[in-house]
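I have placed the structure first, in the form of structure tokens, so that the comments after it can refer back to it.
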Amino acid sequence: MRRYFPDRLLIFFALCFLLPVLSSRAQLYKPRPVTALLGAFDEEVKLVQQNIRKPKVVTLNGIRFVTGRIRGRRVVVAETGIGKVNAAMTTATVLTHFKPEQVLFTGIAGGVNPDLQPGDLVIARQTAHHDYGYITFQQQKTNQTRNAITKELNPTYFPADSMLVVKARQAARSTTFEPIPSTSRPPSVVEGIVVTGDVFVSSEEKVKSLRSEFKADATEMEGAAVAQVCYQQKVPCLIIRSLSDKANSNARQDMLTFVKIAARNSANLVMNIVGQLK
């Protein structure tokens, strides 16, 4: 009878326990060596597209995708449009057709954390829907969405891919950010929580509510939709947000004034992350 050495037994049992876990986390498709870079509107996306080498345009379901290379890495770049439905539709399309290894979402947001100011950037360790909720059959309130395929509840906070967070942290150290006039200090980069809803937040009262309920650092209109699609399809994802305003009663005017600088800062960070991936 064949006898296993203790170290071989250890490896055997480790594989028995780890393989189901690893397979459950594997992407649902065989990924290609390409990174998807998405943004909500033209101001955010064109800055990235301008840096693509040998760009080629592919139109799918009316959505314009630009492929090529940035910093030696193959990428596909697209504008999702504003709002969660548009963001989810574009994300699903890019996953289905291009099968990227990871997804990065770049763009502007309103600040919720009182310590942050326009020009600062938030690397989203977690992303959540702030406008989703219902009462369960057990009469309990929940903010958790449900995976329509598996029927399982999703987490309230979608976690970012840990490796992408590390890459973003490294890239931030070598990125020069443009300060916004009248702010009190140079832009800083924090890792925090971004919340998403189909509404442009411009209310001090709403800011306090989002900070109290979700511990949010920033709010926007697409990130959690992108994160949910990627989570359900088991695709590594990271949301990067550059603050154009503080989501208060001056948010609309501040956003229009500072959007170009905020978008440039976000795009520069994302492109440096891409450089880390190659």
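Only heavy atoms go into these numbers, but all of them, side chains included; no hydrogens, no water, no symmetry mates.
Atom OG1 of Thr90 and atom CG of Leu95 lie 10.5 Å apart (nearest 0.5 Å). To the nearest 0.5 angstrom, His97 atom NE2 is 7.0 Å from Arg32 atom CZ. Atom CZ of Phe214 is separated from atom CD1 of Ile193 by 10.0 Å, given to the nearest 0.5 angstrom. To the nearest 0.5 angstrom, Glu178 atom CD is 10.0 Å from Ser242 atom OG. Atom-to-atom distance recorded for Asn61:CG and Met89:CE is 7.5 Å, nearest 0.5 angstrom. Once rounded to the nearest 0.5 Å, the distance linking NZ of Lys167 with CD of Gln170 reads 5.5 Å.
In this structure the side chain of Phe105 never reaches within 4.5 angstrom of the side chain of Val194, judged on heavy atoms. The side-chain heavy atoms of Val75 and Gln49, taken from C-beta on, include no pair separated by under 4.5 Å. Counting only heavy atoms from C-beta outward, the side chains of Leu121 and Val189 approach each other to under 4.5 Å. Residues Phe41 and Ile108 have side chains in contact (heavy-atom distance under 4.5 Å, counting atoms from C-beta outward). Side-chain atoms of Ile273 and Ile240, non-hydrogen and from C-beta on, do get closer than 4.5 Å to each other. Residues Cys230 and Pro236 have side chains not in contact (no heavy-atom distance under 4.5 Å, counting atoms from C-beta outward). Two residues are said to be in side-chain contact when any heavy atoms from C-beta on lie closer than 4.5 Å; Glu204 and Val207 fail this criterion. Contact of the Pro155 side chain with the Tyr231 side chain is registered, since non-hydrogen atoms from C-beta on lie closer than 4.5 Å.
Remark: Arg185 CZ is packed, more than 12 non-hydrogen atoms of other residues, nucleotides or ligands lying under 6.0 Å away. The number of heavy atoms from other shown groups lying within 6.0 Å of CD (Glu205) does not exceed 12. For Arg169, the CZ atom sits in a packed shell: over 12 heavy atoms of surrounding residues, nucleotides or ligands are nearer than 6.0 Å.
By the 30° and 60° cut-offs, the orientation of the rings of Phe158 relative to His129 is perpendicular.
A salt bridge links Glu222 with Arg241; the closest basic N to acidic carboxylate O contact falls under 4.0 Å.
At distances below 3.5 Å, not a single donor-acceptor pair connects side-chain atoms of Thr219 with backbone N or O atoms of Gly110. A donor-acceptor distance shorter than 3.5 angstrom exists from the side chain of Asp198 to the backbone of Lys84, with no hydrogens or angles considered. Under the 3.5 Å distance criterion, the side-chain polar atoms of Tyr29 are matched with a main-chain donor or acceptor of Pro100. Not one N or O on the side chain of Ser212 forms a donor-acceptor pair closer than 3.5 Å with the backbone of Lys208. In this structure, Arg146 contributes its side chain and Glu152 its backbone to no donor-acceptor pair below 3.5 Å.
A side-chain contact (heavy atoms from CB on, under 4.5 Å) with Asp217 is found for exactly one of Leu210, Asp115, Leu116, namely Leu116.
Under the 3.5 Å distance criterion, with hydrogens and angles disregarded, a donor-acceptor pair is assigned to the side chains of Asn154 and Thr145.
Contacts classified as side chain to side chain donor-acceptor pair (under 3.5 Å) and involving residues 63-82 (residues at least two apart or in different chains) are given here: Thr35-Arg73, Arg71-Asn272, Arg73-Glu101, Arg73-Gln102.
Under the 4.5 Å side-chain contact rule for hydrophobic residues, Val270 and Val94 do not share a cluster. Clustering ILVMFWY residues whenever any of their side-chain heavy atoms sit less than 4.5 angstrom apart, transitively, puts Ile239 in a cluster other than the one holding Met271.
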Quick one: do Thr156 and Asn143 satisfy side-chain hydrogen bond (donor to acceptor under 3.5 Å, both in side chains)? Show the steps, please. CA-CA 6 Å; Thr156 298; Asn143 297 109; 5.3 Å; no

Under the criterion salt bridge (Lys or Arg N to Asp or Glu O under 4.0 Å), I'd like the reasoning laid out for Asp120 against Lys246: C-alpha separation, chi angles, the key distance, then a yes or no. CA-CA 11 Å; Asp120 291 343; Lys246 300 193 74 171; over 6 Å; no

